[in-house]
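Only one structure is covered here, and it is reproduced in the block below.
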There are 2 protein chains.
Amino acid sequence: MGRGKVELKRIEDKCSSQVTFSKRRKELIKKARELAVLCDVELSVFIFSGGGRFYEFSSGDRNFKVSCFQAHES
Amino acid sequence: MGRGKVELKRIEDKCSSQVTFSKRRKELIKKARELAVLCDVELSVFIFSGGGRFYEFSSGDRNFKVSCFQAHES
DNA sequence: TCTCCTATTTATAACGG
DNA sequence: TCCGTTATAAATAGGAG
């Protein structure tokens, strides 16, 4: 979308990647929230950024407790 | 988007809700996949539909093992 | 539930600040 | 990082099959 067509490959440029991540992360969570509200479903989105930051969105009347384990190559 | 502006409230009509859920769920996961690829981040999306169905998307070089517990009102 | 269609709304890339 | 702007790409509501 936007000024150019997006190519589905890793954005090498750190700065561009950061900007895109910030924008798309926000919109993904917005879409998730919309889906939850519109269709009355419960959902969770977990995002683990390379910098070690963690972003989460969870909907639901009941609380979801989600434990995440990163299984390093076994 | 589309022919009418979307109103952010629960879609009461079962049929419309189902159709919207199907379309938006698909696109949400597509967006999630794009974000993961473009920005090289790991993420997971879990969707629990009212009908008891479960939809999931997880990215990542490492495998994420996610255990989900639904905590009924405690 | 899926596909196809299309008018319309939204998202967003690229930029400046 | 956030906030705007703008041209363009993409999503999607509503309908038909």
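A, B, ... follow the sequence lines: proteins, then strands. Residue 1 opens every chain. What you see below is based on every heavy atom in this structure, not just the backbone, and it leaves out hydrogens, waters and symmetry mates.
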Angle by which the axis turns from one end of the helix from C:dC2-D:dG17 to C:dG17-D:dC2 to the other, five pairs per end, to 10 degrees: 50°
Are any of A:Lys31's side-chain N or O atoms less than 4.0 Å away from OP1 or OP2 of D:dT12?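 Checking D:dT12 against A:Lys31, a side-chain N or O does come within under 4.0 Å of OP1 or OP2.
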A:Lys30 side-chain N/O to C:dA11 phosphate OP1/OP2 under 4.0 Å: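 Yes.
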Atom-to-atom span, [atom1] of [X] to [atom2] of [N] - whole angstrom:
| X | N | atom1 | atom2 | answer |
| --- | --- | --- | --- | --- |
| B:Arg3 | D:dT12 | CZ | P | 15 Å |
| A:Glu34 | D:dA11 | CD | C1' | 11 Å |
| A:Glu7 | C:dA13 | CD | C1' | 14 Å |
| B:Arg24 | D:dA10 | CZ | C1' | 13 Å |
| A:Phe21 | C:dA14 | CZ | C1' | 20 Å |
| B:Lys26 | D:dA10 | NZ | P | 15 Å |

Counting C-beta onward and ignoring hydrogens, is there a side-chain heavy-atom pair between B:Leu28 and B:Val45 closer than 4.5 Å?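 Yes - at least one pair of side-chain heavy atoms lies under 4.5 Å apart.
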Evaluate the side-chain proximity of A:Phe57 to A:Leu43: yes if any heavy-atom separation is below 4.5 Å, no if none is.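 They are in side-chain contact.
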Have a look at A:Lys23 and say if it touches a base, only the backbone sugar-phosphate, or nothing, with a 4.0 Å heavy-atom cut-off. base
Considering every strand and a 4.0 Å limit on heavy-atom distances, what is the contact class for A:Ser16: base, sugar-phosphate, or nothing? nothing
Among D:dT1, C:dT1, D:dA13, find the nucleotide with the atom closest to the side chain of B:Gln18.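 From the listed options, C:dT1 comes nearest.
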Verify side-chain hydrogen bond (donor to acceptor under 3.5 Å, both in side chains) between A:Thr20 and A:Gln18, making sure each step is shown before the conclusion. CA-CA 5 Å; A:Thr20 295; A:Gln18 282 282 52; over 6 Å; no
Considering heavy-atom distances to DNA chain C, does B:Gly4 or B:Leu38 have its closest nucleotide positioned more toward the 5' end? B:Gly4
Are the aromatic rings of B:Tyr55 and B:Phe46 close, with centres under 6.0 Å apart? no
DNA chain D: 5'-proximal contact among A:Arg25 and A:Lys5 (nearest heavy atom):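 Comparing both residues, the 5'-ward one is A:Arg25.
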Where each residue is assigned the nucleotide of DNA chain D containing its nearest heavy atom, which of A:Arg53 and A:Val6 is assigned the position nearer the 5′ end? A:Arg53
Inspect the contact between B:Glu27 and B:Arg24 and indicate whether a charged nitrogen and a carboxylate oxygen are less than 4.0 angstrom apart. no
